[in-house]
Protein chains: 2
Amino acid sequence: MDTPNVFEFLERIVNLIKEENVLNPQEEDVIEYVDPEDLKNKIDFSLTKRCANLDELEATCRKIIKYSVKTNSAKFHNQLYGGTDLFGLGATWLSESLNTNQHTFEVAPIFSLIELEIVEKVKSLIGYKEGDGLFSPGGSISNMYGMILARYKMFPQSKTKGLTGLPVLVAFTSEEARAHWLGIGTDNLIKIKTDSLGRMIPEDLEKQISRSKETGCVPLFVNATAGTTVLGAVDPIEKIADICNKYKLWLHVDACYGGTLLLSKNYKERLGALYRSDSFAWNPHKMLGAPMQCSIFITRHNNILHECNSASAMYLFQQDKFYDVSYDTGDKSIQCGRKVDSFKLWIMWKVRGLTGFQSLVDNAMNCAHYFKSAIENLEGFRLVQNQFEITAVCFWYIPKNLRGKKEDANWWKQINNVAPAIKEKMVKNGKLMVGYSPLHHKGLCNFFRMITTCHPILTHSDMDYVITQIQLFGEAL
Amino acid sequence: MDTPNVFEFLERIVNLIKEENVLNPQEEDVIEYVDPEDLKNKIDFSLTKRCANLDELEATCRKIIKYSVKTNSAKFHNQLYGGTDLFGLGATWLSESLNTNQHTFEVAPIFSLIELEIVEKVKSLIGYKEGDGLFSPGGSISNMYGMILARYKMFPQSKTKGLTGLPVLVAFTSEEARAHWLGIGTDNLIKIKTDSLGRMIPEDLEKQISRSKETGCVPLFVNATAGTTVLGAVDPIEKIADICNKYKLWLHVDACYGGTLLLSKNYKERLGALYRSDSFAWNPHKMLGAPMQCSIFITRHNNILHECNSASAMYLFQQDKFYDVSYDTGDKSIQCGRKVDSFKLWIMWKVRGLTGFQSLVDNAMNCAHYFKSAIENLEGFRLVQNQFEITAVCFWYIPKNLRGKKEDANWWKQINNVAPAIKEKMVKNGKLMVGYSPLHHKGLCNFFRMITTCHPILTHSDMDYVITQIQLFGEAL
């Protein structure tokens, strides 16, 4: 029944990963782009009655590598994540092999203790004296944990009674946030104004809080961001915390992107007074390069995670076990089963230590600074903002025919088309991937967002390469 | 900076997995149990400034394997999952190496098409003519997708306005379900009575629906279960669908455990009229042995996933892309980033085909049937129910000193202690892991729940082993 040989398949996969330089694809193109409809002809995606043999399977996997984006490439700057830390990757190969589920100490003795250790470590980095935490499947869900705890703290009855009968609860943020699942409609997610660097303006926050109280709503939750998705901005936590304190709101810090700066003495101060928040989310799978998914949620309040989320499923969290069931952490979670995402971060930390992490972070920051300096006065480049906090450098490319012209609405309209056009060229050419995004600037206007991450370890020459490629494609428009 | 050598670490991990028989630990004990406090002395969990070298790291990983539960063992029957399908495992090694995020076609061309293919395939297995779907990080979240869509369909304004102002929404289930995050309090999650086999009683469902209407609540959602967690019961979907139709409620089927029967012609009818549901959740990481996490959510309604969940983040889902953005599936999801969980199932399907899957399912079912027959008339064993639907066989063990005695309250009280006592012995001994759970039967009374899964491929002799071990530990009480 068990043909083809499964162990041989694993060996072939490992060889394939080596042969095709998946983990170090620096000589390869970052993408071999094919349109969706054409891609369907390159690989047989169909699941039919016919079973593939090992050779066919290997050939298919080789093509999958060929047509997949090389996130481990130094030419990939498209997202807030990049390459993986290979120590973390090794950890996932092992934990996937053990197929462990985090729900109880009984089935996950080692990983339960590892998660606890990381939670303690991150608490101390943030500066929380008490509290609790857990790993979740990504930043959106980590941020939802914060909002749910806020609601539970203000209205404990919401767990049993739901939201009906409660006043309209309002949350405040400068970023996109996913609240509608939780019964807080998008209308009640108030967008706070930001300054020219993309940081939440505390005065506007206070104004909006007052306004929502005047209309009979109940301000509940502020989502401050340490590393916004597009501009990499860090909201002023200290001032926001003062306001939250005054109005008794829960302060959650979404540091999914920026949290990695905690690992460097040279940059952690950029994140501000994190210790003043009620909860905190960080994705080591972003800038730090832990393999996807690796997202940690921490709150400075004891017990609340368990009180708010426990379902006390009797088949899992029996209280008549023979060991100390406080090590069964699964009932703090909204999930029944959870992957052991803490393990990859723990292995990375064990082998690199804070010192090693700091070198990686400092190098990513250094490359971002170098990139910014290099384009600052370079013809054809214009910075969207003259300062950045994390590793996002945003800029417009201005093609020759638009330089020195009057910058009227029509000019900006043309600039708006430049980034998508260059992006199309670079992707189809395969030599570079950098993301773009619009900003309200004389209307919505697309610009590039260049991101540096910890992996692969980038160099100044990698930065020069990005500049040269953008120029090349920009001039060929 | 990058010492020790990362590639060498990966090689060592692969060797370790081989040397320690992680993937086929049939000669090993299933667990080497150590109390939490003692375990802290076996492994240095601390994250200090000191960095580990490769030898230390390897030694640590070896101990991690030693003290981890061997889920790939034929002695592991503790949960609804068991060992991994090694083809699926190979797929995860590759996809973790590629570090791909599912959010857009641009960064996940291959995996976007693979997810679409699986969604289509599962739709056709269920019998949905239309619809949509996606992979989510586990059953709880897949089930939440169902409830959120139900709410959005009945009250589209809930996305923007939230729940306030809406009537009290009520959901009905025979199982535990996680609804409080969504603003439906646990009080409004009405537990429907079940029959002696653990199946929802449709008459009680209808009664509860009427009752909640009488009290001014709005019935919204029925969660039917195909494979309950403890008894493996399958709710009568056809009759429940009739009721949902009559009262215009959304019918979601939680087939996280039982959905795997879809893959066998011989057993799929046990799941009933799935095609009549509005949505459906299935975890191939349970019985089928896809590496954790692998959970799929499907709805028969077109477009609603996108309409309900889209946040239209401009930095990710730009509409001015050069390709057909309908292939960007990320905006259907509550997550921003998603792992490419479809890939492991796709590889398994490619190589085994439906025929191979069917053999695996039939073998797991066959072993469960064998196990049940073997203990049915065996002294000291008593079945909790004389019929089972999926692969859960529930039974009490009755030690010699309790056999033939009057079965009064005191007798049942003693029986209640048997399973935890045997469990402690078997875990500390390391020879077997079978879960136990209480049931309301003369009060709450613990019994064993024996589970068979597709991996490792079990034999009748594995079943005999379980029986012998239970007898051994039971008599040593």
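All chains are named by letter (A, B, ...) in the order of the sequence lines, taking the proteins before the strands, and each is independently numbered beginning at 1. Computed from a prediction, not measured in an experiment: that's the story for all the values here.
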Q | Under 4.5 Å from any heavy atom of chain A - which part of B:V340 | A | neither
Q. Hey, what's the ring geometry for A:Y145 with B:W181, parallel, tilted or perpendicular (30° and 60° as the breaks)?
A. perpendicular
Q. Going from NZ on B:K66 to CD1 on A:I110, what distance comes out if it is rounded to the nearest 0.5 angstrom?
A. 10.5 Å
Q | Side-chain donor-acceptor contact under 3.5 Å, B:Q293 with A:Q293 | A | yes
Q | Heavy-atom check, side chain of B:S97 versus side chain of A:W93, under 4.5 Å | A | yes
Q. Of the backbone (N, CA, C, O) and the side chain (C-beta and beyond), which part of B:F45 lies under 4.5 Å from a heavy atom of chain A, both, or neither?
A. both
Q. So what's closer than 4.5 Å to chain B heavy atoms on A:I13: side chain, backbone, both or neither?
A. side chain
Q: Go through B:L86, B:D85, B:N24, B:I114 and name the one with the most non-hydrogen pairs under 4.5 angstrom from chain A.
A: B:L86
Q | Residue A:A91 versus chain B: region with a heavy atom under 4.5 Å | A | backbone
Q: Could you look at B:A421 and say if it's the side chain, the backbone, both or neither that has a heavy atom under 4.5 Å from chain A?
A: neither
Q: Select one option (side chain, backbone, both, neither) describing which atoms of B:I184 are under 4.5 Å from chain A's heavy atoms.
A: backbone
Q. Does A:G138 offer a backbone N or O that forms a donor-acceptor pair with the side chain of B:Q335 under 3.5 Å?
A. no
Q: Give a yes or no answer on whether the side chain of A:S140 reaches the backbone of B:C336 with a donor-acceptor pair at less than 3.5 Å.
A: yes
Q) Side chains of A:T164 and B:L163: closer than 4.5 Å at any heavy-atom pair? A) no
Q) Hey, are B:N309 and A:H180 close enough side-chain-wise for a donor-acceptor pair under 3.5 Å? A) yes
Q. About how many Å separate OG of B:S68 and CG of A:L98, when rounded to the nearest 0.5 Å?
A. 5.0 Å
Q. Among A:I118, A:T355, A:V107, which has the most heavy-atom pairs under 4.5 Å with chain B?
A. A:V107
Q. Mind checking whether B:I334 and A:M144 have side chains closer than 4.5 Å, heavy atoms only?
A. yes
Q. Do B:T160 side-chain atoms and A:G185 backbone N/O form a donor-acceptor pair below 3.5 Å?
A. no
**Q.** Side chain / backbone / both / neither for B:N283 at chain A, heavy atoms under 4.5 Å
**A.** neither
Q: Among the options A:V69, A:L189, A:I148, pick out the one with the most heavy-atom pairs lying under 4.5 Å from chain B.
A: A:I148
Q) Where does B:R12 contact chain A at under 4.5 Å (heavy atoms): side chain, backbone, both or neither? A) neither
Q | Heavy-atom pair count under 4.5 Å with chain A, highest-scoring of B:L47, B:T186, B:L182, B:D187 | A | B:L47
Q. Got a sec: does the NZ of B:K159 have more than 12 other heavy atoms crowding it under 6.0 Å?
A. yes
Q. Is there a side chain to side chain contact (heavy atoms under 4.5 Å, CB included) between B:T60 and A:W346 once you walk through the steps?
A. CA-CA 12 Å; B:T60 299; A:W346 186 80; 3.7 Å; yes
**Q.** Residue B:K121 versus chain A: region with a heavy atom under 4.5 Å
**A.** side chain
Q) For the side chain of B:N99 and the backbone of A:M292, is there at least one donor-acceptor N/O pair under 3.5 Å apart? A) yes
Q | Part of A:L166 lying under 4.5 Å from any heavy atom of chain B | A | backbone
Q) What part of B:E11 is in contact with chain A, defined as an atom under 4.5 angstrom from a non-hydrogen atom: side chain, backbone, both or neither? A) side chain
Q: Against chain B, label A:S158 side chain, backbone, both or neither, depending on which of its atoms sit under 4.5 Å from a heavy atom there.
A: backbone
Q) With no hydrogens and no angle check, is any side-chain donor or acceptor of A:K350 less than 3.5 Å from a backbone partner on B:N53? A) no
Q.
Is it the case that the side chains of A:Y323 and B:E37 hold a donor-acceptor pair, with the cut-off being a distance below 3.5 Å and no angle test?
A. no
Q.
Over 60° means perpendicular and under 30° means parallel, so tell me whether B:Y33 and A:F105 are parallel, tilted or perpendicular.
A. perpendicular
Q. Which region of B:M433, side chain (C-beta onward) or backbone (N, CA, C, O), has a non-hydrogen atom less than 4.5 Å from a non-hydrogen atom of chain A, or is it both or neither?
A. side chain
Q) What closest approach, in Å, do A:A52 and B:V351 show between heavy atoms, and which atom pair accounts for it? A) O-CG2, 3.5 Å
Q: Before giving the answer on side chain to side chain contact (heavy atoms under 4.5 Å, CB included), spell out for A:L57 and B:I347 the whole-Å C-alpha distance, their side-chain angles and the decisive distance to 0.1 Å.
A: CA-CA 8 Å; A:L57 214 52; B:I347 284 283; 4.3 Å; yes
Q. Using 4.0 Å as the upper bound for N to carboxylate O, is an ion pair formed by B:K40 and A:E117?
A. no
Q. Quick one: does B:P109's side chain get under 4.5 Å of A:Y67's, heavy atoms only?
A. no
Q: Report yes if some heavy atom in the side chain of A:N446 is under 4.5 Å from a heavy atom in the side chain of B:D320; otherwise report no.
A: yes
Q: Check whether any side-chain heavy atom of A:K321 sits under 4.5 Å from a side-chain heavy atom of B:Y436, and report yes or no.
A: yes
Q.
Please classify the contact of B:V168 with chain A as side chain, backbone, both or neither, using a heavy-atom distance under 4.5 Å.
A. both
Q. Contact part of B:N78 toward chain A, heavy-atom cut-off under 4.5 Å: side chain, backbone, both or neither?
A. side chain
(Q) Does any backbone or side-chain atom of B:C256 lie under 4.5 Å from a heavy atom of chain A? Answer side chain, backbone, both or neither. (A) neither
Q) Closest approach of A:G183 and B:R151, non-hydrogen atoms and distance? A) N-NH2, 3.8 Å
Q. Side chain, backbone, both or neither: which part of B:L113 has an atom under 4.5 Å from a heavy atom of chain A?
A. both
Q) About how many Å separate CG of A:L89 and CZ of B:F9, when rounded to the nearest 0.5 Å? A) 9.0 Å
Q: Answer with side chain, backbone, both or neither: which region of B:I31 has an atom nearer than 4.5 Å to a non-hydrogen atom of chain A?
A: side chain
Q: For each of B:L354, B:L169, B:I64, tally heavy-atom pairs with chain A at distances under 4.5 Å, and name the one with the top tally.
A: B:I64
Q.
What I'd like to find out is whether the side chain of A:I141 reaches to under 4.5 Å of the side chain of B:P137, using heavy atoms alone.
A. yes
Q) Does the side chain of B:H285 come within less than 4.5 Å of A:K339's, by heavy atoms? A) no
**Q.** Heavy-atom proximity to chain B below 4.5 Å, by part of A:D35
**A.** both
